[in-house]
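Lettering follows sequence order; numbering is per chain, from 1. These numbers were taken from a predicted model, which means no experiment stands behind them.
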Amino acid sequence: MPELPEVETTRRGIMGHLIDQKVTKINIHQPALRWPVEVNKLTKGIVGQPFSSVNRRGKYLLFENSNGTMLCHLGMSGSMRIVTNREPPRKHDHIEWRLENGAVMRFHDPRRFGCVLWIDTNVEQHKLLRDLGPEPLSSSFSGDYLYQRSRTRKQAVKTFIMDSKIVVGVGNIYASEALFLAGIHPARQAGRVSRQRYELLVQSIKLTLKKSIKSGGTTLRDFVNSSGEPGYFRQQLNVYEKYDQACVRCHSPIKRIVQGQRATYYCSRCQR
DNA sequence: ACTGGATCCTGACTGC
DNA sequence: TGCAGTCAGGATCCAG
């Protein structure tokens with residue numbers, strides 16, 4: 001489910017409810033997530049403390065308090081909601097955090113590809129974060145950067161930009177969408193894209209992500225924000241899940257291929 | 001160093 | 001109705 005815009009939408013939605021509110025209790029109904037939740041460690045780290053900030057690195061959410069950092073990933077089907085303490089938990093609400101003002105945050109994740117970890121060492125050096133590429137909306141993510149990193153790569157440009165060691169946060173939807181905007185064929189070898197076209201691709205990635213954040217992200221099946229509402233960027237998608245439909249630019253039918261076990265959508269006339 | 005494939009899991013949907 | 005097969009916003013791990 002969530003790519004960078006959906007995670008950022010979640011972060012903005014939950015942040016105001018959490019800051020300076022002590023966590024009074026944590027209930028872990030299902031610890032078997034992507035990695036087992038370390039119940040004692042996590043409980044000890046967060047109960048009795050308020051979170052001082054909620055940050056994002058790529059698709060990871062980082063909840064900081066004076067003891068350390070709680071790191072969450074929403075995986076494919078995860079969402080984080082703020083509800084009242086009277087709302088009954090739903091199926092697949094695996095973890096809940098109770099706050100002193102009565103609000104409750106719940107982590108919902110049917111497929112359980114997400115994770116919730118407690119880190120009491122330097123977060124930036126954590127195994128899951130230390131090798132991550134730049135943030136796509138930062139100035140260090142430039143056409144020149146992608147051009148330099150790609151020179152030795154024979155991999156397809158689509159899987160290349162989805163590699164979090166290259167750049168974080170570009171998932172399956174936005175990779176297809178950005179390549180369409182930039183007019184680059186998704187199967188083109190990363191090492192055979194010109195500097196000028198990488199410049200355009202970087203602009204397209206930034207634009208696509210920014211516009212999606214403005215719309216509250218993309219809901220295909222089940223993404224909801226912290227208030228339980230869907231995102232509305234789906235209406236602005238040009239190619240994703242548009243197989244056989246007319247390209248908005250040239251009207252030829254949108255193609256679908258599979259790359260790295262993921263569906264890719266593109267226009268064979270507009271993208272070379 | 002780099003690449004592709006298998007893998008974790010549940011649910012929605014399709015076709016027989 | 002039921003059952004099998006396919007497909008999903010991710011990304012680690014491992015073999016080659």
Side-chain angles (χ1 to χ4, degrees), chain A residues 1-11 29-37 56-61 71-80 90-94 107-117 126-133 136 148-179 186-192 205 208-209 211-213 215-225 230-237 239-243 256-265:
Chain A
M1 140 208 158
E3 302 186 36
L4 187 145
E6 293 75 38
V7 178
E8 179 62 18
T9 297
T10 300
R11 187 187 76 83
H29 304 116
Q30 170 58 281
L33 303 182
R34 163 127 210 202
W35 295 288
V37 179
R56 180 186 58 70
R57 177 76 176 99
K59 298 174 194 165
Y60 291 98
L61 287 168
L71 177 149
C72 299
H73 196 292
L74 302 178
M76 287 276 262
S77 59
S79 58
M80 209 58 106
R90 299 165 304 158
K91 193 178 181 185
H92 304 303
D93 277 350
H94 304 314
F107 175 63
H108 180 85
D109 185 13
R111 294 179 72 180
R112 288 192 273 128
F113 288 175
C115 67
V116 176
L117 304 175
H126 190 272
K127 196 182 164 189
L128 292 172
L129 303 182
R130 70 180 174 213
D131 298 323
L132 292 179
Q148 297 300 342
R149 292 295 304 264
S150 62
R151 288 311 87 192
T152 59
R153 301 289 196 120
K154 294 202 164 130
Q155 189 185 17
V157 64
K158 193 232 183 184
T159 53
F160 175 69
I161 59 170
M162 286 179 67
D163 181 347
S164 63
K165 291 191 176 66
I166 301 301
V167 58
V168 295
V170 182
N172 205 38
I173 298 178
Y174 302 112
S176 279
E177 292 296 316
L179 286 164
R188 176 173 283 274
Q189 282 184 20
R192 302 192 59 181
I205 290 171
T208 306
L209 296 176
K211 281 170 77 174
S212 181
I213 291 171
S215 303
T218 302
T219 297
L220 292 178
R221 277 156 280 275
D222 50 17
F223 173 71
V224 287
N225 66 18
Y232 296 103
F233 192 69
R234 189 178 191 179
Q235 297 156 10
Q236 295 176 65
L237 297 176
V239 291
Y240 193 81
E241 286 195 328
K242 304 273 183 193
Y243 173 67
R256 180 188 189 276
I257 55 172
V258 174
Q259 299 179 281
Q261 301 145 280
R262 316 292 299 276
T264 302
Y265 300 86

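Here C:dG10 is the nucleotide among C:dT12, C:dG10, B:dA6 with the atom lying nearest to any side-chain atom of A:Lys59. Residue A:Phe113 places its side chain closer to B:dC8 than to any other of B:dC8, C:dA8, C:dT12. For A:Lys127, the listed nucleotide lying nearest its side chain is C:dC13; candidates were C:dC13, B:dG5, B:dG11.
Partners of A:Tyr60 under the ring-ring contact (aromatic ring centres under 6.0 Å, His included) rule, at least two apart in sequence or in another chain, are A:His73. Remark: A:Phe160 pairs with no residue by the ring-ring contact (aromatic ring centres under 6.0 Å, His included) rule, at least two apart or across chains. Residues forming a side chain to side chain donor-acceptor pair (under 3.5 Å) with A:Arg112 (at least two apart in sequence, or on another chain): none. Here A:Arg234 pairs with A:Glu241 under the side chain to side chain donor-acceptor pair (under 3.5 Å) rule; sequence neighbours left out.
Residues A:Arg34 and A:His92 both approach DNA chain B. Their nearest nucleotides, taken by heavy-atom distance, put A:Arg34 toward the 5′ side. Heavy-atom distances to DNA chain C give each of A:Gly260 and A:Arg256 a nearest nucleotide, and the one nearer the 5′ end belongs to A:Arg256.
Residue contacts for A:Ala263: at a heavy-atom cut-off of 4.0 Å it reaches the sugar-phosphate backbone alone, with no base atom in range.
With a 3.5 Å limit on both pairing distances and Watson-Crick or G-U wobble geometry required, the stems of 3 or more pairs in DNA chain B span B:2-8 with C:10-16, B:10-16 with C:2-8.
Not a single donor-acceptor contact under 3.5 angstrom links the side-chain atoms of A:Arg112 to the base of B:dC9.
Residues from residues 149-163 of chain A with heavy atoms under 4.0 angstrom of DNA chain B, sorted by number: A:Thr152, A:Arg153, A:Lys154, A:Gln155.
Here the options are A:Leu74, A:Asp93, A:Val224, the test is side-chain contact (heavy atoms from CB on, under 4.5 Å), and the partner is A:His108; only A:Asp93 passes.
Using modelled atom types, one side-chain atom of A:Ser77 and one backbone atom of A:Arg111 make a donor-acceptor pair closer than 3.5 Å.
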